[in-house]
Enquirer: 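Following this message is one structure expressed as structure tokens.
We name chains A, B, ... by the order of the sequence lines, and we start the count at 1 in each one.
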Protein chains: 4
Amino acid sequence: MSREKGPDHSRRKERSRQAILAAARALVTEETYEKVTVEAIAARAGVGKQTIYRRWPSKSAVVVAALLALSEDADGQSVTLPDTGDLRADLVLVMRATVEEFADPSFDKLIRAVNTELTNDPTLAAEYREKLAGPLDEAKKARLRSAQKAGQLASDADLDLALEMLYAPLFLRWLHRSGPLTTAYADSLVDATLRAFAP
Amino acid sequence: MSREKGPDHSRRKERSRQAILAAARALVTEETYEKVTVEAIAARAGVGKQTIYRRWPSKSAVVVAALLALSEDADGQSVTLPDTGDLRADLVLVMRATVEEFADPSFDKLIRAVNTELTNDPTLAAEYREKLAGPLDEAKKARLRSAQKAGQLASDADLDLALEMLYAPLFLRWLHRSGPLTTAYADSLVDATLRAFAP
Amino acid sequence: MSREKGPDHSRRKERSRQAILAAARALVTEETYEKVTVEAIAARAGVGKQTIYRRWPSKSAVVVAALLALSEDADGQSVTLPDTGDLRADLVLVMRATVEEFADPSFDKLIRAVNTELTNDPTLAAEYREKLAGPLDEAKKARLRSAQKAGQLASDADLDLALEMLYAPLFLRWLHRSGPLTTAYADSLVDATLRAFAP
Amino acid sequence: MSREKGPDHSRRKERSRQAILAAARALVTEETYEKVTVEAIAARAGVGKQTIYRRWPSKSAVVVAALLALSEDADGQSVTLPDTGDLRADLVLVMRATVEEFADPSFDKLIRAVNTELTNDPTLAAEYREKLAGPLDEAKKARLRSAQKAGQLASDADLDLALEMLYAPLFLRWLHRSGPLTTAYADSLVDATLRAFAP
DNA sequence: TCTTAATCGAGACGGTACGTCACGTCTTACA
DNA sequence: TGTAAGACGTGACGTACCGTCTCGATTAAGA
């Protein structure tokens with residue numbers, strides 16, 4: 001059915017692929033983003049530049065792929081959020097976890113780099129949304145929907161909007177470094193959102 | 001007292017400064033951001049590269065300065081928001097204006113470029129916040145405070161948080177292109193925020 | 001007696017060998033010499049690169065082999081020059097034939113390529129001399145020796161030197177494109193040489 | 001009169017030019033010719049690659065320029081050969097000197113490299129002939145013409161041909177390494193040529 | 001009005017990284 | 001088993017910009 005064109009070299013392919021993504025991750029984490037060059041990634045991965053260009057069209061794509069690869073381990077098993085019945089408690093848990101993630105310096109650098117690339121490349125952004133952000137948002141919306149059914153949220157609440165009001169302020173504070181990311185801040189976002197969409 | 005070094009050439013200085021900022025603005029607007037190089041700006045402005053480096057430390061700084069210069073016309077006169085007494089109407093007005101701004105393709109490109117630079121350069125981000133975002137936020141907070149005094153918002157409402165819940169979702173939708181920026185969307189952000197911080 | 005190693009792939013071997021040499025010849029003839037790459041030869045011959053490297057150590061060797069193969073048809077039968085008894089007439093014939101060869105554009109390109117490789121690789125040069133130039137020179141010297149015996153050349157004439165004085169000027173004019181290769185030029189080389197080594 | 005387009009930076013220009021030519025000469029002399037890369041020349045000269053490409057279109061051109069620069073010291077003063085009145089003695093002197101030049105390993109490498117480039121690039125060959133070979137040949141022909149007037153050569157002798165018969169065999173022996181370059185060989189070339197063009 | 005020194009445009013410079021090409025080796029699938 | 005196909009690590013190619021430097025040619029001020 002599929003058009004086979006030759007031997008697949010799958011073992012080498014996979015090995016070099018992993019080396020490249022690991023190198024990209026390491027460099028983004030350790031260095032200034034300007035120092036993350038295709039040549040540096042290739043050198044670090046012990047790989048020729050051509051092997052990178054054979055698979056990805058640009059440095060941006062490699063960096064995004066490096067992030068996506070991190071969550072491909074959990075592949076197959078769909079993401080779900082805790083549902084203890086206590087909506088506020090569950091949301092606070094998730095928001096605090098997010099705050100913690102952003103506090104990790106190497107995660108900070110990686111996400112910041114990825115975010116820069118996504119902002120300027122709609123194609124990459126779409127891929128990112130489809131593979132990573134989409135499923136996550138879906139899981140969060142599922143939790144909200146469950147709360148809605150339980151009468152903890154207004155029956156006509158716009159759940160997409162609710163999600164945005166929860167997360168966008170947090171993300172933007174981090175992105176623009178316009179304020180501290182504290183547990184209290186996370187909590188107050190949850191409270192304000194719950195008030196806005198209360199039954 | 002002051003060290004006299006010769007003629008001040010202030011007219012030439014000002015002329016080339018304007019030419020550089022205009023060229024930067026034009027290039028960011030017309031081209032892919034990768035094509036906005038210092039050499040291109042210099043060529044477009046009819047200026048030597050050194051004249052750019054004499055004033056700004058990097059391309060990023062020039063681009064940010066180009067945006068800041070746009071709003072320096074309104075310099076001196078402090079920004080104020082309409083205050084008709086009808087809080088919802090006033091906020092809807094402002095939010096819809098913002099939506100329109102983001103819809104303008106050349107403004108979109110300029111802000112996107114500036115945002116990229118701010119994300120990766122805290123110093124620039126601070127300058128931007130001080131000169132542009134700060135005053136604007138202050139004006140918005142002033143309007144909220146006035147509403148609060150009028151009993152239209154909870155007396156213990158966190159106005160900074162309210163601001164973020166209003167704007168962050170809009171900004172992030174635009175930045176990540178994760179949804180349409182419509183009037184209805186702007187309105188529903190206002191409504192949700194007002195519910196969250198109602199008295 | 002012979003060590004049998006398996007199926008006799010000699011037919012495939014010979015077929016691919018011919019394909020490679022033909023492809024090399026064709027490419028040298030058609031393209032700029034920089035474009036004659038091992039990859040191009042392999043592609044043109046419908047052969048894997050390894051099949052080339054299994055037989056020859058370098059592109060140079062392939063190109064030289066391509067030229068040598070051209071004259072391997074006459075293999076076994078030793079080369080001889082015409083001997084009509086009229087030395088001048090015989091030499092003029094040979095020299096004019098050489099001039100004509102050099103005038104053929106595809107022969108020109110091939111010889112020029114081979115000459116470049118020989119200049120920079122003594123090993124190849126030795127092989128070339130042994131297989132191609134040597135026998136030819138021997139045949140020419142045989143004709144001169146016959147003339148010498150007939151008293152048409154000085155009995156103490158240095159025949160190697162005579163050969164060089166006949167051919168080197170012609171070859172160098174061609175190699176350096178330092179003058180036209182005409183019949184008259186060929187003839188005057190013969191005349192001058194005959195004067196130099198007359199009895 | 002001439003169209004001046006800007007500052008001439010002549011000091012830097014000249015300094016880098018000399019550094020590049022010296023580096024090229026050194027590398028050709030020391031290394032395999034394959035190792036003489038534009039990058040290596042640039043590194044050795046302490047110069048950016050662009051500075052080389054700004055002046056010469058290819059490595060070949062640089063190498064040829066490196067040789068030409070060697071004889072630009074004698075610029076202005078036209079080349080002349082000794083003229084003692086004894087033609088044979090004068091020619092023997094010149095031929096032996098040439099033999100010695102070819103015996104110098106670093107000169108050998110340089111000329112071999114230049115010769116390879118000239119063979120494959122008619123434009124470079126023309127430049128070389130105009131600037132170096134031409135004047136030299138003219139000087140040699142002048143010596144022959146003087147001998148011709150003195151009745152030491154046939155009055156109808158083709159001096160261009162005589163020159164070629166003197167030099168081409170020597171050069172080709174060296175190029176193809178097809179025989180030893182000895183004093184005796186040089187002498188016998190002179191003798192044969194004198195016999196061929198005797199009055 | 002005429003120096004005179006800061007400033008400018010132009011663009012060459014030493015570099016770094018780009019993305020491409022071909023090298024010679026290695027791996028796989030097929031015949 | 002030997003071959004075609006082609007991926008791989010390597011390293012040079014020629015180009016684009018970086019940020020610095022050097023050069024004349026404007027300026028506009030004060031002598």
Enquirer: In whole angstrom, give the distance that lies between atom CD1 of I20(A) and atom P of dA7(F).
Expert: 14 Å
Enquirer: Starting at NZ of K13(B) and ending at P of dT7(E), how long is that distance when rounded to a whole Å?
Expert: 6 Å
Enquirer: What is the distance, rounded to the nearest whole Å, between atom CD1 of I52(D) and atom C1' of dA12(E)?
Expert: 14 Å
Enquirer: Pairing donors with acceptors under 3.5 angstrom, does anything connect the side chains of N115(A) and T119(B)?
Expert: no
Enquirer: Would you find a donor on one side and an acceptor on the other, under 3.5 Å apart, between the side chain of T37(D) and the backbone of A40(D)?
Expert: yes
Enquirer: Want to settle it: does A40(C) or A42(D) sit nearer the 5' end of DNA chain E, counting the closest nucleotide to each?
Expert: A42(D)
Enquirer: Check whether more than 12 heavy atoms from other residues, nucleotides or ligands sit under 6.0 Å from atom CD of E34(C), and answer yes or no.
Expert: no
Enquirer: Could you pull out all residues at least two apart from R12(D) that satisfy salt bridge (Lys or Arg N to Asp or Glu O under 4.0 Å)?
Expert: none
Enquirer: For dG14(E), does either OP1 or OP2 sit under 4.0 Å from a side-chain N or O belonging to T51(D)?
Expert: yes
Enquirer: Do you see a donor-acceptor pair shorter than 3.5 Å between the side chains of R55(A) and S16(A)?
Expert: yes
Enquirer: Side-chain N or O of R54(C) versus OP1/OP2 of dT3(F): is the shortest distance under 4.0 Å?
Expert: yes
Enquirer: Round to a whole Å and report the spacing from CZ of R12(D) to P of dG24(F).
Expert: 13 Å
Enquirer: Starting at the 5' end of DNA chain F, which residue's closest nucleotide do you reach first, G48(C) or G46(A)?
Expert: G48(C)
Enquirer: Between E39(A) and R44(A) (salt bridge meaning N to carboxylate O under 4.0 Å), is one present in this structure?
Expert: no
Enquirer: Would you mind reading off the distance between W56(C) atom CH2 and dG24(E) atom P, rounded to a whole angstrom?
Expert: 14 Å
Enquirer: Where do N or O atoms of nucleotides 15-17 of chain F meet protein N or O atoms at under 3.5 Å, pair by pair?
Expert:
none

Enquirer: dG14(F) P sits how many Å from K59(D) NZ, rounded?
Expert: 9 Å
Enquirer: I41(B) has an atom CD1; how far is it from atom P of dA10(E), in whole Å?
Expert: 16 Å
Enquirer: Using a 4.0 Å heavy-atom cut-off across all strands, classify R55(A) as base, sugar-phosphate, or nothing.
Expert: sugar-phosphate
Enquirer: Measure CD/E14(A) against P/dT27(E) and give the value in whole Å, please.
Expert: 17 Å
Enquirer: To the nearest 0.5 Å, what is the distance between OG1 on T123(C) and CD on E117(C)?
Expert: 12.5 Å
Enquirer: What's S58(C) touching, base or sugar-phosphate or nothing? Going by heavy atoms closer than 4.0 Å.
Expert: nothing
